[in-house]
Amino acid sequence: MQILLTLAVASLGGYVFSLLHVPLAWTIGAMVAAAVLVWSKPVSLPAHTRPMAMVVLGASFGVGFTPPVLAAVLSSLPTIAGAGVITVMCGLALTPLFARMAGLSLNTSYFCAVPGGIAVMPVLAERAGAEVPPVAFAQTVRMVVVVLTIPPAVALLGNPQGASAFHPEPLAVYWPGIALLLVLGVGVALALGRLKAANPWLIGPLLCSMAITVLWHAPSGFPQWMTNAAQVGMGAGLGVKLTRQFLLGSRRLALASLASSLLMVVLLSAVAMGLAALSGLPAEAVVLGLAPGGTPEMVITAATLEVAVPLVLGFHLVRMLINNLVVGPFWDLATHVAAAIRS
């Protein structure tokens, strides 16, 4: 009954927000409704709610990568890669402030301050010997802040111009094709999970769907109700974490996470506008691409607002790769430089 109640309330929240034409309505509405519910009643969700939602979203994102769209994204790769490095550097710059506000070590604060998502950064923090719970908390708070601020801000910018290269043709729904994508996607996700890859439930289906689309053709589009249901699962999964104990357990950490998240949103939005002006890419897509939130949330926002979805996805995929490759070395380099300066 708790599962049914939680899903029903989260779905109702998503539906109400969609009636109000809120950007990312089904995710935000489900998150807000689940968060309100968790403060008053016991809640519960199936253990694989968020992973299965990511499988659906990952597979649906990949079918947009037709060969012409992929070529357009690859032509923007220098800007995309530069944006990923800038994001890590911004997190590094905010680390001392976060450490002072939260009362944590610089090592742990670094993994709290660098945007990387709930699934990725705790894994990287554990590998580096940092405290994992504060990192998971800070990344969750950042996700909530980004989800509540970036979609409305991008909606105010209006629709991009001259971005037709990043907009594939709509696809008809073909259920055997959807079944093929989901089954193969789950298989790849399980394989990546065994290899200890970060966020396999999104990356596996996404890479599988992209490969099939580029090498053959997209087997099917995805119906709107299915992606809406996946948004509800993601939003509810985030909302049920926002318990009284979670939010009030450490006020210093909560305030540090909130302040750094808002500062990061402003900072990266300004950087995005500058990069868009220099590169000629649509500003809305670059803002979503640099947003310090999770890949599914920002790509769904792009799809909802009809912004260049593959381009936004390209930003986040490259940033995910950069995080896995350079977040640790960046910290090692920074500590060596600081030690050399002190000596």
Side-chain angles (χ1 to χ4, degrees), residues 24 53-81 83-84 154 159-189 192 199-228 230-231 275-276 279-291 294-321:
L24 199 60
M54 285 204 222
V55 167
V56 172
L57 293 176
S60 69
F61 297 157
V63 297
F65 274 86
T66 61
V69 170
L70 180 60
V73 173
L74 291 177
S75 69
S76 305
L77 195 55
T79 300
I80 293 172
V154 172
N159 290 325
Q161 302 297 322
S164 58
F166 302 105
H167 291 279
E169 293 294 323
L171 295 168
V173 174
Y174 179 61
W175 286 105
I178 291 178
L180 172 68
L181 289 174
L182 294 180
V183 170
L184 291 177
V186 169
V188 175
L192 290 177
N199 208 0
W201 295 104
L202 176 70
I203 297 302
L206 173 61
L207 294 180
C208 181
S209 180
M210 283 177 59
I212 292 173
T213 301
V214 171
L215 299 175
W216 182 39
H217 65 78
S220 174
F222 280 72
Q224 188 66 51
W225 67 262
M226 183 176 285
T227 55
N228 288 345
Q231 286 190 64
L275 283 178
S279 65
L281 295 174
E284 297 82 357
V286 183
V287 170
L288 286 173
L290 265 77
T295 302
E297 291 81 4
M298 295 303 99
V299 178
I300 279 291
T301 301
T304 303
L305 299 177
E306 298 184 354
V307 176
V309 172
L311 180 58
V312 175
L313 182 55
F315 272 99
H316 283 275
L317 287 178
V318 171
R319 185 170 79 188
M320 196 180 302
L321 177 63

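The analysis underlying the following values was restricted to heavy atoms, covering all of them including side chains, and did not include hydrogens, waters or symmetry mates. Remember, predicted model here, so these are calculated numbers, not experimental data.
A donor-acceptor distance shorter than 3.5 angstrom exists from the side chain of S75 to the backbone of A72, with no hydrogens or angles considered. Using a distance-only test at 3.5 Å, with no hydrogens or angles considered, no donor-acceptor pair links the side chain of H316 to the main chain of P296.
For the atom pair T79 OG1 and F315 CZ, the distance stands at 6.5 Å (nearest 0.5 Å). Taking CG of L305 as the reference point, atom CD of E284 lies at 9.0 Å (rounded to 0.5 Å). Interatomic distance, Y174 OH to L180 CG, rounded to the nearest 0.5 Å: 10.0 Å. Interatomic distance, S76 OG to L275 CG, rounded to the nearest 0.5 Å: 11.5 Å. Atom CZ of F61 and atom OG1 of T295 lie 8.5 Å apart (nearest 0.5 Å). Distance check, rounded to the nearest 0.5 Å: CD1 of I203 to CE of M54 gives 9.5 Å.
No side-chain heavy atom of L207 sits less than 4.5 Å from a side-chain heavy atom of V188. Counting heavy atoms from C-beta on, the side chains of T227 and Q224 come closer than 4.5 Å. Within the 4.5 Å cutoff, the side chain of I80 has no heavy atoms near those of the L317 side chain. Looking at heavy atoms from C-beta onward, V312 lies out of side-chain contact with T301 at the 4.5 angstrom threshold.
In this view, P205 and V55, A59, A189 satisfy the side-chain contact (heavy atoms from CB on, under 4.5 Å) rule, not counting sequence neighbours. Residues passing the side-chain contact (heavy atoms from CB on, under 4.5 Å) test with V173, sequence neighbours excluded: W175, I178, S220, P223. With sequence neighbours left out, I212 forms a side-chain contact (heavy atoms from CB on, under 4.5 Å) with L181, L184, C208, W216, P219. Every side-chain contact (heavy atoms from CB on, under 4.5 Å) that A276 has, sequence neighbours left out, goes to A283, V286.
Heavy-atom minimum distance, T213 versus G62: OG1-O, 3.5 Å.
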